[in-house]
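Residue numbers start from 1 in every chain, and the chains themselves are labelled A, B, ... in the order their sequence lines are given, proteins ahead of strands.
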Amino acid sequence: MSKNIYITTTLPYVNSDPHVGFAMEIIRADVLARYHGLIGNNVFLNTGTDEHGTKIWEKAQAEGIDVQKYVDSYAEKFKGLSDLLNLSSDIHFIRTTDESHVKAAQEFWKIVDQNGYIYKAPYEAKYCVGCELEKTDSELVDGRCPIHPDKDLELISEENYFFKFSDFTQPLLDFYEQNKNFVLPDFRFNEIKKFVERGLRDFPISRVKEKMPWGVPVPGDEDQVMYVWFDALVNYISTLGWPNGEDFKNFWEEGFTLQIAGKDNLRQQSAMWQAMLMAANIKNTDKVVINGFLNGPDGKKMSKSLGNVINPYDVVKELGADAVRFYLTYNVSSFEDSPISVEMIKESFNANLANGIGNLTNRVVKMAENYDVVVKLPEPKDVWFDKEHVGQEYHEAFKNFEPQKALEYLMNEVREMDLFIATEQPFKKVKVDELSAKEDVARLMLNLFYMGVLLEPFMPETSAKVVEAVGTRTTPKEPIFKRLD
RNA sequence: CGCGGGGUAGAGCAGUGGUAGCUCAUCAGGCUCAUAACCUGAAGGCGGCCGUUCGAGUCGGCCCCCCGCAACCA
């Protein structure tokens, strides 16, 4: 009865430190992965780093370091997120410079080529001598570089390989029509449909090696390397051992595939990659979930110049992984952009974790201790299949890929328990009707236990602490979450 | 008419036709099991105009403002 679930994030490009937005993406992927593992499904969770391309090449050159060393050091930083954010220990981490990935990307190219979707043609680009950069039309104002309007643009021309993206306009539209819930949320699905409806353009998928050698070599052409996107997207299957491998068969072909991405990746994930899969005769992704962005508290995009950048390392160091995991699932909108600041995280920490979960655990367990309340607790693993004590909205939320709502359910449970204590006043009742007071506390202990267990996908450490406190009927020596001043 | 999102209490959000809700912050009260925590109550709100409707935050039109994207920004 158990299912195979494949969950992947996008691969962040390693030209800067891990962004808190990516931390959110991987945390949300991890929450879903943990949940599915807990209810008995087989889960393959993938993340990694995208390490090829012009920007990385240029940056390494500029810093005067060997490009391999440059990407190695970044890969380590991103791998560090796994411990930092307390991600599932069996998470798969793929680097697009891994040999197995490079081979898979080349194999993928060959198949797409054999199927007739790759052709060679002249590629013309506009080059601003002032910037020393290629410019796309969208970057130009009145056909001139806005930074150097006095300089004429040079036309450079080279032979590149192109992907026949245009052939997939109709197949993609048909695919969208047949899979009405392919992209979540709806408004992003509409956005990509409109984009595809306008008609797709072929695009170059290679670069001249002489100019930019940092890429996967094009099979059968010494002089060209792959355009970074064409290579990078293949990671979603190369991580599974494609073209061979049991994992590919079990998880991609016979399992349920879920891709989580930021809204900047809508096109690449839901159109480009899907067309590539079609071109290679591989099954399409089952579901793409698109997150919004995290902005500064003023709603403006985070940037170093505005000084509103949140560094995940700093916040975790101060508040702990669970607090960050909590904030990024509970307080951040599922799909819309959200503002974020350290102050907002701390506010939520005090309200929900210190005053909420932490304090509740203390007061309930303390009463159980004092009144010698004995409770028979179920096995944690049975909680996941208990339909009597667990609201179905909890599981529904996960089925709908909105774990935030499951967490809302748990936080409501916390509030109800606090209210129950205030209403029933077992601490007062114990003096006149001990039995009834004990029943109240036993009921609280049981509910707290359930809440604690169900917290595991979101906050594994906290979950363990709550479960232990209830199980051993001992208040934690250190507060689970100490209130911040 | 390029594409999309948004404008609901001081802040952050929910609310897709039927008495406008939640969290934080503020003020007042209660409680003492608990981490000065918890509970109750109060004040305070749908960007603007027009329309559809018995009834509009919700549907339609126009306008204003904010934010992304525009084929390599998580």
Side-chain angles (χ1 to χ4, degrees), chain A residues 9-13 15-16 18-26 50 52-56 136-139 165 185 187-188 190-195 197-198 200-204 227-229 232 260-268 271-272 291-295 297-303 330-333 335-341 343-344 346-348 350-356 358-371 405 408 411-412 414-415 417-423 425-430 437 440-441 444 475-476 478-485:
Chain A
T9 66
T10 54
L11 300 196
Y13 202 60
N15 62 348
S16 62
H19 192 284
V20 66
F22 178 68
M24 175 172 86
E25 189 175 314
I26 186 68
D50 179 2
H52 288 124
T54 314
K55 278 189 187 170
I56 287 165
T136 61
D137 286 337
S138 61
E139 289 175 304
F165 200 24
F187 62 81
R188 293 289 170 219
N190 288 338
E191 191 175 342
I192 196 63
K193 282 182 199 161
K194 291 242 179 167
F195 172 72
E197 275 169 15
R198 287 201 296 277
L200 300 170
R201 276 205 326 249
D202 296 351
F203 62 94
Y227 171 59
V228 58
W229 273 108
I260 299 178
K263 68 179 187 181
D264 56 311
N265 256 275
L266 175 65
R267 288 178 188 179
Q268 288 83 342
M272 196 190 292
N291 290 323
F293 272 1
L294 295 175
N295 296 318
D298 52 0
K300 298 242 173 69
K301 196 167 174 170
M302 280 186 203
S303 72
Y330 185 68
N331 293 88
V332 174
S333 168
F335 307 119
E336 303 288 354
D337 290 359
S338 301
I340 183 172
S341 68
E343 285 66 36
M344 292 168 84
K346 287 184 175 174
E347 183 184 296
S348 168
N350 275 343
N352 299 301
L353 303 181
N355 299 351
N359 183 53
L360 177 71
T361 302
N362 246 33
R363 62 195 307 211
V364 169
V365 174
K366 191 74 176 180
M367 283 191 277
E369 267 183 299
N370 292 348
Y371 314 153
K405 294 198 169 149
E408 276 171 22
M411 294 313 290
N412 272 329
V414 170
R415 266 174 230 118
M417 281 185 259
D418 272 328
L419 181 57
F420 180 80
I421 297 171
T423 313
Q425 299 184 302
F427 48 85
K428 199 178 268 183
K429 203 189 276 182
V430 73
D440 287 346
V441 175
L444 285 163
T475 49
E478 290 292 316
I480 298 178
F481 296 105
K482 195 164 164 40
R483 193 180 160 82
L484 304 164
D485 296 316

Item to check | Minimum-distance pair of heavy atoms, taken over all atoms of A/N331 and A/S348 | outcome: OD1-OG, 2.8 Å
Checklist entry - With sugar-phosphate meaning primed atoms plus P, OP1 and OP2, does A/R483 contact a base, only sugar-phosphate, or nothing at under 4.0 Å between heavy atoms? => result base
Checklist outcome for this item: Walking RNA chain B from its 5' end, the first of A/G262 and A/I480 to be reached, judged by nearest nucleotide, is A/I480
Item to check | Pairwise C1' distance for B/G61 and B/U52, with rounding to whole Å | outcome: 11 Å
Checklist entry - Given atom CZ of A/R267 and atom C1' of B/G68, what is their separation to the nearest angstrom? => result 12 Å
Checklist entry - A/F335 near the nucleic acid: base, sugar-phosphate alone, or nothing, with a heavy-atom cut-off under 4.0 Å? => result nothing
Checklist entry - A/N352 side chain N/O closer than 4.0 Å to the phosphate oxygens (OP1, OP2) of B/U23? => result no
Checklist outcome for this item: Paired with A/M417, the side chain to side chain contact (heavy atoms under 4.5 Å, CB included) test is passed by just one of A/N412, A/T361, A/L360, namely A/L360
Checklist entry - Considering only the P atoms, how many Å lie between B/A14 and B/G7, rounded to the nearest integer? => result 8 Å
Checklist entry - So, is A/Y227 near the phosphate of B/C72, with a side-chain N or O under 4.0 Å from OP1 or OP2? => result yes
Next on the checklist: Nearest 0.5 angstrom please: A/K429 NZ to A/Y371 OH, how far?
Outcome noted: 11.0 Å
Checklist entry - By centroid distance (under 5.5 Å) and plane angle (under 30°), are A/F293 and B/A74 in a stacked arrangement? => result yes
Checklist entry - Between A/D202 and A/F165, is there a donor-acceptor pair closer than 3.5 Å when you use the side chain of the first and the backbone of the second? => result yes
Checklist entry - When you measure from the side chain of A/E25 to the backbone N and O of A/N291, does any donor-acceptor pair fall under 3.5 Å? => result no
Checklist entry - What does A/F195 touch in the nucleic acid at a heavy-atom separation under 4.0 angstrom: a base, only the sugar-phosphate, or nothing? => result base
Checklist entry - What stem regions, each of at least 3 consecutive Watson-Crick or G-U pairs below 3.5 Å, can be found for RNA chain B? => result B:2-7 with B:64-69, B:10-13 with B:21-24, B:26-30 with B:38-42, B:47-51 with B:59-63
Next on the checklist: To the nearest 0.5 Å, what is the distance between CG on A/N265 and CD1 on A/I260?
Outcome noted: 12.5 Å
Checklist entry - Going through the checks in order, is the salt bridge (charged side-chain N to carboxylate O under 4.0 Å, His left out) test met by A/R188 and A/E191? => result CA-CA 5 Å; A/R188 293 289 170 219; A/E191 191 175 342; 2.7 Å; yes
Next on the checklist: Taking only side-chain N and O atoms of A/Q425, does any of them lie within less than 4.0 angstrom of OP1 or OP2 on B/U40?
Outcome noted: no
Next on the checklist: Can you measure A/N295 atom CG to B/C67 atom P for me and round it to whole angstrom units?
Outcome noted: 10 Å
Next on the checklist: Any side-chain N or O of A/K263 below 4.0 angstrom from OP1/OP2 of B/C69?
Outcome noted: no
Checklist entry - Which value, in whole Å, describes the distance between the P atoms of nucleotides B/C27 and B/U32? => result 23 Å
Checklist entry - Which whole-number value in Å describes the distance from A/N15 CG to B/C73 P? => result 10 Å
Checklist entry - So what does A/N265 touch, heavy atoms closer than 4.0 Å: a base, only the sugar-phosphate, or nothing? => result sugar-phosphate
Next on the checklist: Once you apply a heavy-atom cut-off of 4.0 Å, does A/Q268 come out as touching a base, just sugar-phosphate, or nothing?
Outcome noted: sugar-phosphate
Checklist entry - Base, sugar-phosphate alone, or nothing: which one does A/R198 contact when heavy atoms must sit under 4.0 Å apart? => result sugar-phosphate
Item to check | Touch class at under 4.0 angstrom, heavy-atom based, for A/I26 against every strand present | outcome: nothing
Checklist entry - P atom, B/G60 versus B/U16: distance in rounded Å? => result 14 Å
Next on the checklist: Within the structure provided, determine whether A/M302 and A/V20 are in side-chain contact (heavy-atom separation under 4.5 Å).
Outcome noted: yes
Checklist outcome for this item: Between A/V20 and A/P339, whichever has its closest RNA chain B nucleotide further toward 5' is A/P339
Next on the checklist: By the 4.0 Å heavy-atom rule, please label A/D418 as base, sugar-phosphate, or nothing.
Outcome noted: sugar-phosphate
Next on the checklist: Considering every strand and a 4.0 Å limit on heavy-atom distances, what is the contact class for A/G53: base, sugar-phosphate, or nothing?
Outcome noted: nothing
Checklist entry - Can any side-chain N or O of A/S338 pair as donor or acceptor with the backbone N or O of A/S333 at less than 3.5 Å? => result yes
Checklist entry - When you compare B/A11 with B/G48, how far apart are their C1' atoms, in angstrom units rounded to a whole number? => result 24 Å
Checklist entry - Checking all strands, does A/M344 fall into the base, sugar-phosphate, or nothing category for heavy-atom contacts under 4.0 angstrom? => result sugar-phosphate
Checklist entry - Just checking A/I421: base, sugar-phosphate only, or nothing, at a heavy-atom cut-off of under 4.0 Å? => result base
Item to check | Presence of A/N370 side-chain N/O under 4.0 Å of B/C33 phosphate oxygens OP1/OP2 | outcome: no
Next on the checklist: Under 4.0 Å, heavy atoms only, any strand: does A/A351 hit a base, just the sugar-phosphate, or nothing?
Outcome noted: sugar-phosphate
